[in-house]
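In what follows, a single structure is set out as structure tokens and then discussed.
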Amino acid sequence: MNIFDRKINFDALLKFSHITPSTQQHLKKVYASFALCMFVAAAGAYVHVITHFIQAGLLSALGSLILMIWLMATPHSHETEQKRLGLLAGFAFLTGVGLGPALEFCIAINPSILPTAFMGTAMIFTCFTLSAVYARRRSYLFLGGKCELGNME
């Protein structure tokens, strides 16, 4: 299946019906893979900053690009699910390694930036995940996403 040949139903964006259990199950898998990527990228950044074991900025960028293309080229099926998750984790790790020089620069300025940013990201991610997984109505996911003209003063 070509990713550019997909039919997108834009009317589904405006529906505020209940979320089906299968959609909630899918959301759980998606957010679990996002959480895995965040922690694996943090591990990759840790490897770069603390151990200085991997010091190849261009190679990590090239490796992450190759892994992303490989992931996109691997068809989605039940048999390839673990392979695709491994490719995604490898991409996240190499992306974290690639962030190493920027993180070293942040550490040189103020070392408290990194734990603050990580904890803030983790807390916001957790809140969004819980709201997406436990919301029964789709309209709850859009709270705060619209601005009423009558209340803008």
Side-chain angles (χ1 to χ4, degrees), residues 1-10 12-14 19 22-135 138-148 152:
M1 178 170 114
N2 189 353
I3 61 171
F4 298 111
D5 290 338
R6 290 184 182 174
K7 301 272 188 215
I8 298 174
N9 184 4
F10 290 107
L13 293 174
L14 301 175
I19 298 174
S22 65
T23 302
Q24 283 186 322
Q25 233 7 62
H26 179 73
L27 282 172
K28 286 180 185 178
K29 288 181 181 180
V30 168
Y31 279 103
S33 64
F34 283 160
L36 173 75
C37 286
M38 185 178 73
F39 288 117
V40 170
Y46 179 82
V47 165
H48 179 85
V49 171
I50 301 299
T51 65
H52 297 288
F53 180 67
I54 302 174
Q55 291 287 322
L58 182 61
L59 287 177
S60 65
L62 195 62
S64 64
L65 182 65
I66 289 170
L67 285 175
M68 182 52 65
I69 292 171
W70 189 4
L71 176 64
M72 288 173 42
T74 305
H76 176 70
S77 69
H78 186 65
E79 292 80 28
T80 61
E81 202 168 274
Q82 293 297 320
K83 177 183 178 181
R84 290 173 53 88
L85 190 61
L87 290 171
L88 183 64
F91 169 77
F93 181 80
L94 289 177
T95 301
V97 170
L99 287 175
L103 296 178
E104 286 176 344
F105 185 68
C106 287
I107 290 170
I109 294 173
N110 185 357
S112 69
I113 293 173
L114 292 182
T116 304
F118 181 77
M119 290 306 294
T121 302
M123 285 175 37
I124 291 170
F125 180 78
T126 302
C127 291
F128 284 159
T129 301
L130 291 175
S131 69
V133 169
Y134 290 112
R138 212 175 284 221
S139 62
Y140 292 143
L141 300 178
F142 295 104
L143 289 178
K146 62 181 179 176
C147 179
E148 295 180 20
M152 292 182 60

Could you tell me the separation between the [atom1] atom of [X] and the [atom2] atom of [Y], rounded to the nearest 0.5 Å?
X   : Y    : atom1 : atom2 : result
L65 : T95  : CG    : OG1   : 10.0 Å
L87 : S64  : CG    : OG    : 12.5 Å
K83 : H76  : NZ    : NE2   : 14.0 Å
F34 : L88  : CZ    : CG    : 8.5 Å
S60 : F91  : OG    : CZ    : 11.0 Å
L99 : E104 : CG    : CD    : 11.5 Å

How close do [X] and [Y] get, heavy atom to heavy atom, and via which atoms?
X   : Y    : value
A92 : C37  : CB-O, 3.6 Å
L67 : G90  : CD1-C, 3.4 Å
V97 : G44  : CG2-O, 3.4 Å
M38 : T121 : SD-CG2, 3.8 Å
Y31 : F125 : O-CZ, 3.4 Å

Sorted by chain and number, sequence neighbours left out, side-chain contact (heavy atoms from CB on, under 4.5 Å) with H78 holds for E81
Contacts of S77 meeting side-chain hydrogen bond (donor to acceptor under 3.5 Å, both in side chains) (sequence neighbours excluded), chain-then-number -> E79, T80
ask   = Should H48 and L103 count as side-chain neighbours, where that means a heavy-atom distance under 4.5 Å?
value = no
* To do: Check whether any side-chain heavy atom of L85 sits under 4.5 Å from a side-chain heavy atom of L36, and report yes or no.
  => yes
